[in-house]
2 protein chains.
Amino acid sequence: MSNEVKSIGIIGLGSMGMGAAKSCINAGLDVYGIDLNEAALATLSDAGAKAVSTNALDFSQQLDAVLVLVVNAKQVNTVLFKTGLAASLKPKTVVMVSATISADDAKQIEQQLNSYDLIMLDAPVSGGAAKAATGDMTIMASGSAEAFSKLKPVLDATAAKVYNIGEQIGLGATVKIIHQLLAGVHIAVGAEAMALAARANIPLDLMYDVVTNAAGNSWMFENRMKHVVDGDYSPKSMVDIFVKDLNLVADTAKDLQFPLQLSSTALNMFISASNAGHGQEDDSAVIKVFDGITLPGVEK
Amino acid sequence: MSNEVKSIGIIGLGSMGMGAAKSCINAGLDVYGIDLNEAALATLSDAGAKAVSTNALDFSQQLDAVLVLVVNAKQVNTVLFKTGLAASLKPKTVVMVSATISADDAKQIEQQLNSYDLIMLDAPVSGGAAKAATGDMTIMASGSAEAFSKLKPVLDATAAKVYNIGEQIGLGATVKIIHQLLAGVHIAVGAEAMALAARANIPLDLMYDVVTNAAGNSWMFENRMKHVVDGDYSPKSMVDIFVKDLNLVADTAKDLQFPLQLSSTALNMFISASNAGHGQEDDSAVIKVFDGITLPGVEK
């Protein structure tokens with residue numbers, strides 16, 4: 001008899017969590033939804049969840065696995081431990097932690113889960129809301145063979161690509177953080193390049209067209225600098241998310257005693273943008289740290 | 001009667017110039033090749049050039065246009081002015097300057113060309129040797145309508161995409177420099193990310209695979225960090241080229257009084273790599289500025 005999980009509680013029904021939850025329902029799993037937002041619970045209930053609640057203790061005994069898709073380590077600790085959930089789960093329940101957190105936080109969460117005889121998969125995700133909705137996330141995970149094997153139906157349902165980084169908890173977190181280092185610097189340098197183009201009176205739409213058709217392109221340049229060309233800073237992903245993620249990069253650098261000059265410069269750019277009042281805008285608003293230029297849709 | 005050029009002298013038969021020259025021959029233009037390298041001249045002669053020489057004065061009166069594909073502004077000045085070529089060309093000959101140079105240098109070259117009644121197109125190229133060979137370069141050009149119109153057969157023959165940035169000489173140079181800003185920072189941050197992965201004991205081939213399948217990817221990461229994974233630093237494009245190009249970015253920043261923190265940080269990384277003896281290696285060797293890590297194929 002397979003030891004694969006048949007039921008899963010999904011904590012955090014934001015755009016990523018909601019997509020993952022619906023993908024699990026589509027794959028035939030028994031899905032239980034947990035969020036503080038009643039509207040999100042109603043949406044998931046309509047989509048076919050077994051049950052939904054603001055309190056995971058309502059059905060903790062029904063769960064073979066838990067997927068945590070909240071924003072940061074503090075929230076992971078709250079939903080797993082402060083609520084009493086970890087203490088009320090069946091022994092050997094697998095907990096897939098998919099928030100972007102530090103390797104140290106991942107290891108501390110593992111220790112606590114182990115003390116309740118629970119199994120952790122350190123499993124950050126990437127791909128954004130669109131890929132979550134279609135079950136095509138990228139998952140970069142580390143943990144025991146048992147964790148991977150039990151969670152196979154969940155990984156199959158939610159991800160187009162699953163990377164097994166190794167056994168040690170923290171490796172998954174570290175790979176995600178290194179990925180965010182690149183993503184964050186690519187947005188910041190995209191902003192630096194487009195700001196220089198504005199300063200030099202190069203039409204920004206033309207600059208965007210040249211770069212996206214040449215070797216200077218990046219996934220983030222193509223995606224985010226379009227917002228600058230359009231002058232649309234409504235948040236898809238916010239400046240403050242990269243303040244958080246590049247701070248995780250800085251923490252990692254400190255833990256490993258390693259110099260990361262480009263990342264720390266980009267972090268300072270996002271912090272400056274946040275302090276100037278742009279923290280809740282789209283992360284492309286990091287370009288607003290530059291004075292002495294005129295940008296589409298931006299009044300100075 | 002069309003005013004389009006029928007003959008062109010191509011100065012600088014490196015990988016880009018040779019590709020452009022052959023593309024012009026294939027398009028039916030009369031091509032004259034100029035280089036100091038006799039082997040390159042023989043190759044182009046075999047490919048169907050009208051004539052080749054180390055001295056452009058040998059056939060300057062036959063040329064309707066000149067394409068300059070040398071390495072830097074100093075070389076452009078040498079081949080056009082110190083040799084006496086500009087003085088010996090027919091009036092209204094179009095000179096397409098495709099080296100990566102500063103906007104200031106482009107303007108100074110234009111002034112000198114104008115004094116000989118010659119017409120300039122400020123036309124940097126991108127795409128590498130492979131795209132030059134197939135006539136698929138990207139050209140980012142500025143200049144008069146007359147320059148574009150006369151050079152149309154050359155632009156059609158050598159480029160898949162021609163951007164008309166505007167009339168003012170210097171705009172083409174600036175767009176290329178902004179493109180190089182992105183390219184250079186993307187290589188440097190790719191190195192920073194892969195170095196951190198090495199420090200954290202993440203297998204580099206796995207890290208490369210994750211990034212190239214996710215939103216942290218860039219054209220340069222995918223192309224250059226493969227060399228790091230393979231431990232192969234044989235030069236495709238050298239560290240010292242980005243010392244030169246990011247110094248052009250710094251000059252542009254100074255001219256426009258504009259702060260470019262990421263670019264200047266990346267420039268310092270390439271300078272450090274060059275000073276450590278890696279200037280003639282592949283530009284991915286910028287990763288060798290990091291101590292305290294083990295990289296494939298690199299002995300410390």
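Bear in mind that the values here come from a model prediction, so they are computed numbers and not experimental data. In what follows, chains carry the letters A, B, and so on, assigned in the order in which the sequence lines appear, proteins first and then strands, with residues in each chain numbered from 1.
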What is the minimum heavy-atom distance between [X] and [Y], and which atoms define it?
X        : Y        : value
A/Gly216 : B/His186 : O-CE1, 3.1 Å
A/Ile293 : B/Phe258 : CG2-CE1, 3.6 Å
B/Leu181 : A/Glu192 : CD2-OE2, 4.4 Å
B/Gln257 : A/Arg199 : O-NH2, 3.4 Å

Residue [X] versus chain A: region with a heavy atom under 4.5 Å:
X        : value
B/Met269 : side chain
B/Ala103 : neither
B/Ser263 : both

Counting heavy-atom pairs under 4.5 Å to chain B, which of [options] comes out on top?
options                                : answer
A/Thr252, A/Val175, A/Thr138           : A/Val175
A/Ala160, A/Ala193, A/Ala200           : A/Ala193
A/Met194, A/Met220, A/Met207           : A/Met207
A/Gln168, A/Lys161, A/Lys131           : A/Lys161
A/Asn201, A/Asn164, A/Asp209, A/Ile187 : A/Asp209
A/Leu260, A/Thr174, A/Asn217           : A/Leu260

Proximal component of A/Ile202, with respect to chain B [non-hydrogen, under 4.5 Å]: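 Answer is side chain: those atoms of A/Ile202 sit under 4.5 Å from chain B.
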Got A/Val189 and B/Val189 here, is their nearest side-chain heavy-atom distance under 4.5 Å?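 No; the side chains remain at least 4.5 Å from each other.
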Counting N and O atoms only, with roles assigned by atom type, does the side chain of A/His179 sit under 3.5 Å from a partner on the main chain of B/Val211, one being a donor and the other an acceptor?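 Not at all, since once roles are kept as given, no pair shorter than 3.5 Å links the two residues.
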Report, as yes or no, whether the 6.0 Å neighbourhood of atom NZ on A/Lys244 holds more than 12 heavy atoms from other residues, nucleotides or ligands.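 Yes, enclosed.
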Residue, of B/Asn268, B/Asn223, B/Leu171, that accumulates the most heavy atom pairs under 4.5 Å with chain A: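 That would be B/Leu171.
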Look at B/Ile177, B/Ile165, B/Thr265, B/Leu196 and state which one has the largest set of heavy-atom pairs under 4.5 Å with chain A.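 The candidate making the most pairs under 4.5 Å is B/Leu196.
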Rounded to the nearest 0.5 Å, how far does CD of A/Gln261 lie from CG of B/Leu262?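 Separation between the atoms: 11.5 Å.
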Approximate separation, where rounding is to 0.5 Å, of A/Leu182 CG and B/Met225 CE: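 One gets 9.5 Å once the value is rounded to the nearest 0.5 Å.
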